[in-house]
Amino acid sequence: MAMEFSITAICFLFLLAQGLEAQAAIFDVTKYGAQVDGKSDISQALLNAWKDACGSTTPSTVLIPGGTYFLTVVNILGPCKAPVGIQVQGTVLAPADPAEVKADGWLTIGNVDQFTLSGNGILDGQGATAWAQNDCSSNINCGPIPMNLRFNFVTNSVVQDITSKDSKNFHVNLLGCTNFTFQHFIISAPETSLNTDGIHIGRSTGVNITDTTIMTGDDCISIGDGSQQVNVERVTCGPGHGFSVGSLGRYNNEAPVVGITVRNCTLTNTQNGVRVKSWPSSPAPGIASDMHFEDITMNNVGNPVLIDQAYCPYNQCNMKSPSLVKISNVSFKNIRGTTSTQLAVKLVCSSSNPCQNVEVGDIDLAYTGNQGGGATSQCANIKPIFSGKQNPPVCVDSAQSS
Ligand SMILES: *[C@@H]1O[C@H](CO)[C@@H](O)[C@H](O)[C@H]1NC(C)=O
Ligand SMILES: *[C@@H]1O[C@H](CO)[C@@H](O)[C@H](O)[C@H]1NC(C)=O
Ligand SMILES: *[C@@H]1O[C@H](CO)[C@@H](O)[C@H](O)[C@H]1NC(C)=O
Ligand SMILES: CC(=O)N[C@H]1CO[C@H](CO)[C@@H](O)[C@@H]1O
């Protein structure tokens, strides 16, 4: 009897040890009451599974298995005791009506260290109703319109493989995050969807976005104030509004943007390519420096290379005084392909804070539209350092260069 017991116990311990070595403990939401019917709210099951995973002293994963689920809203909070992930294998649907979410984020993850969001599943924001109702361009008190994913103060974390689909607002928003990687991530929404920025980065440091595909209705990646050490590599964008730093200089207390690299990326049929934008009449000085855009293919892209320090959408600004954002140490190198707007390179800096140390090298952009003539450039308050090929010639046909 004793012998039998100990052999069983040893086998059990052996299997347990192997299991721990092989993978993290799994907390399956269907074991917590989640219905796989696409209409019963799984938020409580998800929260309960998270509570156990987060309390685990060994690495753990909350699993949403294959199938279709419905989720109203969830606020996932750390800190947790060990690395923890959520793996989505199924499709999770948001309520179509934005009012049903009752928050500015559909899935919000806050204060977690070593978090992983993975799986080949789909987070579907079902945004069509929200886009149709969106009146934020004329109504200051609009919203809140929920974003698919919000990460607040999340560190040393990864988002990989999953798809964010048809968000009602931005797909992903990072606030106060450090050491955050997106890889093999997919973002998908129609070209006509309103305000559906792919990934917005704010006040975050050490963000890498690689091997990612972004198709959406607004900026593919937008980098707001206080963002530092952001690397974007092998990302395809289109449809969308391109890769954007800013807009900056609209509010008080904006923190510097420093250390941005966008490299080896392809943009196709986008409204813009790579741009830095700041508002005129800034309430306070700002800084944007050490920004590098290299090895970029433009396929039928509007405004492929753009610095715009008089950014003023919907005429919501005062053009009387120039932007106080100081732009320096920027490079645009090896940018080739086709432009859908005749103005291919526009570098319009602030008259009170001219751009400094901007390198422009190996630009080769052909205009494919049907206006007469080839691609052009426009420059103001900038004296770029040139190298390599310049097609179109940059800053030569601009009387305003200074
Ligand atoms: C970010 O990563 C660096 C390098 O690995 C590390 O030194 C730093 O502590 C990390 N930051 C946070 C907030 O964990
Ligand atoms: C991001 O990439 C850079 C350059 O490859 C690397 O030095 C850094 O450690 C990476 N950061 C993270 C959070 O993976
Ligand atoms: C720009 O680069 C120069 C030389 O590399 C450096 O001295 C300067 O501090 C940089 N400016 C900013 C604002 O980072
Ligand atoms: C997205 C993109 O432009 N990828 C390119 C990165 O660079 C490698 C090697 O030069 C190309 O093969 C990819 O097409």
Side-chain angles (χ1 to χ4, degrees), residues 54 59 77-85 109-118 149 151-161 172-185 199-212 221 223 225-235 243 245-246 248-249 254-265 276 278 282 284-296 307 309 323-333 347 349-350 352-361 381-387:
C54 185
L77 286 175
C80 299
K81 295 206 160 73
V84 56
I109 292 124
N111 297 90
V112 188
D113 185 43
Q114 301 185 75
F115 174 77
T116 303
L117 178 61
S118 64
L149 285 162
F151 294 96
N152 301 327
F153 309 100
V154 173
T155 51
N156 304 303
S157 292
V158 179
V159 170
Q160 60 188 19
D161 306 322
V172 180
N173 190 76
L174 295 191
L175 174 68
C177 295
T178 307
N179 300 343
F180 203 111
T181 300
F182 294 87
Q183 55 197 10
H184 301 285
F185 180 39
I199 301 173
H200 178 79
I201 302 165
R203 303 207 167 214
S204 295
T205 299
V207 179
N208 289 355
I209 306 173
T210 57
D211 302 299
T212 285
I221 296 174
I223 299 170
D225 86 284
S227 300
Q228 308 214 350
Q229 309 313 324
V230 175
N231 296 300
V232 176
E233 270 191 70
R234 298 181 305 280
V235 173
F243 299 120
V245 175
L248 302 173
E254 290 190 3
V257 171
V258 180
I260 310 297
T261 304
V262 177
R263 187 187 287 129
N264 192 206
C265 291
V276 180
S278 76
S282 325
I287 289 175
S289 73
D290 194 8
M291 300 182 285
H292 306 283
F293 305 92
E294 297 176 2
D295 305 327
I296 310 224
I307 294 178
Q309 292 211 263
S323 174
L324 297 181
V325 175
K326 173 103 208 129
I327 295 177
S328 65
N329 297 1
V330 180
S331 62
F332 296 101
K333 283 189 192 163
L347 304 172
C349 298
S350 162
S352 66
N353 289 277
C355 292
Q356 276 180 352
N357 192 21
V358 177
E359 254 186 280
V360 176
N381 308 307
I382 183 170
K383 283 185 195 157
I385 302 147
F386 293 109
S387 63

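Ligands are counted one by one from 1 in listed order, and the atoms in each one are counted from 1 as well. This is a predicted model, so every value here is computed, not measured.
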Quiz item: So do Thr155 and Phe153 actually touch side chain to side chain, heavy atoms under 4.5 Å?
Solution: no

Quiz prompt | Side chain Gln356, main chain Ser328, donor-acceptor under 3.5 Å | solution = no

Self-check item: Atoms of ligand 2 close to Thr181 [distance to a heavy atom under 4.0 angstrom, numbered from 1]
Solution: 12 (C), 13 (C), 14 (O)

Exercise. Would you mind checking which non-hydrogen protein atom is closest to atom 1 (C) of ligand 1, with the distance to 0.1 Å?
Key: Asn179 ND2, 1.5 Å

Quiz item: Nearest protein heavy atom to atom 10 (C) of ligand 3, by residue and atom, and its distance?
Solution: Asn329 ND2, 2.5 Å

Quiz item: Is there side-chain contact between Leu347 and Pro384, with at least one heavy-atom pair below 4.5 Å?
Solution: yes

Practice problem: Check each atom of ligand 1 against the heavy atoms of Asn156 and keep those under 4.0 Å away; list them by number with element. | Solution: 1 (C), 10 (C), 12 (C), 14 (O)

Quiz prompt | No-hydrogen, no-angle side-chain donor-acceptor test under 3.5 Å, Asp295 and Asn264 | solution = no

Exercise. Determine if the distance from atom 5 (O) of ligand 1 to the closest protein heavy atom is below 4.0 Å.
Key: no

Quiz prompt | Close side-chain approach of Leu174 and Phe182, heavy atoms under 4.5 Å | solution = yes

Quiz item: What is the closest protein heavy atom to atom 13 (C) of ligand 3, and at what distance does it sit?
Solution: Ser328 OG, 3.5 Å

Quiz item: Starting from atom 2 (O) of ligand 2, which protein heavy atom do you reach first, and at what distance in Å?
Solution: Asn208 ND2, 2.3 Å

Quiz item: Which residue owns the protein heavy atom closest to atom 14 (O) of ligand 3, what's the atom, and how far is it?
Solution: Ser289 OG, 3.5 Å

Self-check item: Polar side-chain atom of Ser204 near backbone of Gly202 as donor-acceptor pair, under 3.5 Å
Solution: yes

